[in-house]
Visitor: 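Quick one: this structure, given as structure tokens, is what I'll be asking you about.
Just so it is clear, the structure is predicted and the values come from calculations on it, not from any experiment.
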Amino acid sequence: METTETRPAPDVQTCKAQLRTGANASGLALLLFYLLVFGLSSALATILQQFGDISEGFFGALYGFLAYTLQYPVIVPLVLLAFHIAGGKKLGLRLRDAFQKPAVPLKTMFRWIVIGLGITYASVFISRMFWMMLQSLFNLDMVAQSMGAAPHWLSMVTNLVAMILYAPIFEELMFRGAILRSVEKGGELAAAILCGILFGLWHTNFDQTIYTAVMGFVAATLYFRTRTLLAPMLMHGFMNTIGAVQSLFINDFDPYEMMKLESDEAAMEYLAENGLNIVFLLLSSGITMGLMGIGIILLIMELINNKELFRFKPSESGISTSESLKTCLTSPLLLLACAALLAMTVLRAMGISIL
């Protein structure tokens, strides 16, 4: 009679040690990413300034394109290599294992992607309303980083390439491919929450923090349900495609800036000057609102018909979600990374330029 050998579940202390290894490797990756971005971007700026003004015009657009190319296809692979050396190898993580055949039928995967889009777009709406109300209530003057493309063809191409191609691929490799999987042993829910928090902080833009955190959590959940990075990459890519097209029409239109105008006449004049942009933004917003509605309806249907979808796999060691999060967030390098990202977010909200 043949017997199958089963690997014993790790004990709590072993699990905590593995979580600290993954968390510290993740913290190192986040810190190294921004250190390399600042260093290489500064070097690039110094070089290009010898040829022209990089604050506008062709050289400004060229700087933006080269900076994004450095940030994603160059820096992210270097960061992933450092992550592998610092902890990924010890934990037995291989990026190619995250590109398995989806564990669910494609029809199901795409339905869940639409649900993810619905949840994320709902969080965008709630987030924007929250920040507007907060600034109005406390008379705050917070500076949101503009997502609009500069009025130059190369800047427009850069926005499209960076948002539609670079970000969905390289951000998913870094966050869902590496960081999420490195802390998965603490349970799926804890890993998804942590991944969401880090993804929100990583954008260092107060206006994006809340909804990108929700998006990070949803993308992590998609990965756990499908066991392939293809699902979060597709969701991320679709959202960024809508955002990239919108960025071509945003230009100088800023709803936060309009709120600061002292008179109704000034507000109406501001709206008139940006009329075409606003019309397009309203049309694209209609598309996102439609997707939000469809996603929420599908979510309710899943809640009724497939409750298993919303049950996260616990840690094999029995460690609780709160203990897993505490272990990760008190790991020195990850704690330092979170503090640094939060500080950068606050400084940018105050209008203090970092890069």
Side-chain angles (χ1 to χ4, degrees), residues 22-49 54 59-89 93-96 98-99 145-147 149 154-155 157-182 195 197-205 208-209 212 215-216 219 229 232-233 236-237 240 243-244 247 333-334 336-345 347-348 353-355:
N24 280 320
S26 300
L28 174 65
L30 295 171
L31 291 169
L32 184 59
F33 174 84
Y34 270 107
L35 286 173
L36 289 174
V37 167
F38 290 153
L40 294 181
S41 296
S42 297
L44 175 64
T46 301
I47 294 171
L48 286 182
Q49 282 172 347
I54 65 170
F59 284 101
L62 179 62
Y63 170 75
F65 178 78
L66 294 177
Y68 271 118
T69 301
L70 279 175
Q71 178 175 315
Y72 285 113
V74 176
I75 291 177
V76 170
L78 290 175
V79 166
L80 289 174
L81 177 61
F83 174 90
H84 179 72
I85 295 171
K89 184 177 181 180
L93 298 179
R94 299 181 303 179
L95 272 179
R96 63 175 177 267
F99 289 95
Q145 306 304 306
S146 174
M147 301 299 292
L154 184 55
S155 293
V157 170
T158 299
N159 263 35
L160 293 174
V161 172
M163 294 178 72
I164 297 174
L165 183 64
Y166 286 170
I169 294 174
F170 293 102
E171 289 180 11
E172 291 308 317
L173 284 173
M174 183 172 170
F175 280 90
R176 263 58 70 179
I179 293 176
L180 176 70
R181 295 168 64 232
S182 73
C195 192
I197 293 171
L198 297 179
F199 196 57
L201 289 174
W202 181 73
H203 284 79
T204 65
N205 182 1
Q208 293 180 288
T209 300
T212 52
M215 179 184 172
L229 281 182
M233 279 184 176
H236 198 154
N240 277 22
S247 73
L333 286 179
L334 188 61
L336 178 61
C338 289
L341 293 174
L342 182 59
M344 290 167 62
T345 303
L347 288 174
R348 283 185 167 180
S353 178
I354 301 174
L355 182 61

Visitor: Work out which heavy atom in Leu31 is nearest to a heavy atom in Ala340; give both atom names and the distance.
Guide: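 Shortest heavy-atom contact: CD2-CB, 4.2 Å.
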Visitor: Roughly how far apart are Leu48 CG and Phe59 CZ, rounded to 0.5 Å?
Guide: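 Rounded to the nearest 0.5 Å, the CG-CZ separation comes out at 7.5 Å.
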Visitor: Are any non-hydrogen side-chain atoms of Leu198 and Leu334 less than 4.5 angstrom apart?
Guide: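 Touching, per the 4.5 Å side-chain cut-off.
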Visitor: May I have the list of side-chain donor-acceptor pairs in residues 66-76 shorter than 3.5 Å, sequence neighbours left out?
Guide:
residue	atom	partner	partner atom	Å
Thr69	OG1	Phe65	O	2.9
Thr69	OG1	Tyr166	OH	3.4
Tyr72	OH	Glu171	OE2	2.6

Visitor: Can you tell me if Ser182 uses its side chain to pair, donor with acceptor, with the backbone of Ile179 under 3.5 Å?
Guide: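 Such a contact is found between Ser182 side chain and Ile179 backbone.
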Visitor: Would you say the side chain of Met344 lies within less than 4.5 Å of the side chain of Leu201, judging by non-hydrogen atoms?
Guide: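 No. Closest side-chain heavy atoms not under 4.5 Å.
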Visitor: Quick one: CG on Leu44 to CD on Gln49, what's the gap to the nearest 0.5 Å?
Guide: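 If we round to the nearest 0.5 Å, Leu44:CG and Gln49:CD are 9.5 Å apart.
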Visitor: So, for Ala45 and Ile54, which heavy atoms are closest and what is the spacing to 0.1 Å?
Guide: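 Result for this residue pair: CB-CD1, 3.6 Å.
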Visitor: Is the shortest side-chain heavy-atom distance between Leu93 and Phe83 below 4.5 Å?
Guide: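 A side-chain contact under 4.5 Å exists here.
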Visitor: Is it the case that the side chain of Asn240 and the backbone of Ile164 share a donor-acceptor pair, with hydrogens and angles ignored and the cut-off at 3.5 Å?
Guide: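 Absent.
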Visitor: Testing the basics here: between Thr158 and Ala61, what is the closest heavy-atom pair and its distance to 0.1 Å?
Guide: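 Where Thr158 meets Ala61 most closely, the heavy atoms are OG1-O, 4.2 Å.
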Visitor: Name all residues meeting the salt bridge (Lys or Arg N to Asp or Glu O under 4.0 Å) criterion together with Arg181; count only those two or more places apart in sequence or in a different chain, and write none if there are none.
Guide: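 Not a single residue meets the salt bridge (Lys or Arg N to Asp or Glu O under 4.0 Å) criterion with Arg181.
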Visitor: Are Met215 and His236 close enough that some pair of their side-chain heavy atoms sits under 4.5 Å apart?
Guide: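 The answer is yes; the side chains approach within 4.5 Å.
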Visitor: When rounded to the nearest 0.5 angstrom, what is the spacing between SG in Cys338 and CG in Leu333?
Guide: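 So the SG of Cys338 and the CG of Leu333 are separated by 11.0 Å.
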Visitor: Restricting to non-hydrogen atoms, name the atom on Gly216 and the atom on Arg176 that form the minimum distance, rounded to 0.1 Å.
Guide: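 Between these two residues, the closest heavy atoms are CA-NH1, 3.5 Å.
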Visitor: List for me each residue that meets ring pair (Phe, Tyr, Trp, His ring centres under 6.0 Å) alongside Phe175, sequence neighbours excluded, and say none if there are none.
Guide: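 Here the qualifying residues are Phe199, Trp202.
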Visitor: Indicate yes or no: at least one non-hydrogen side-chain atom of Leu30 is less than 4.5 angstrom from one of Val79.
Guide: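 No. Closest side-chain heavy atoms not under 4.5 Å.
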Visitor: Taking atom CG of Leu336 and atom CG of Leu341, what is their separation to the nearest 0.5 Å?
Guide: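 Here the interatomic distance stands at 9.5 Å.
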Visitor: In Å and rounded to the nearest 0.5 Å, what is the OG to OH distance from Ser41 to Tyr34?
Guide: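 One gets 11.0 Å once the value is rounded to the nearest 0.5 Å.
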Visitor: Could you point out which residue of Thr212, Asn205, Thr204 forms a side chain to side chain donor-acceptor pair (under 3.5 Å) with Gln208?
Guide: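 Result: among Thr212, Asn205, Thr204, Asn205 is the only option passing the side chain to side chain donor-acceptor pair (under 3.5 Å) with Gln208.
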Visitor: Would you name the heavy atoms of Glu172 and Ala219 that are closest together and state the gap between them?
Guide: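 In this case the closest contact between Glu172 and Ala219 is OE1-CB, 4.2 Å.
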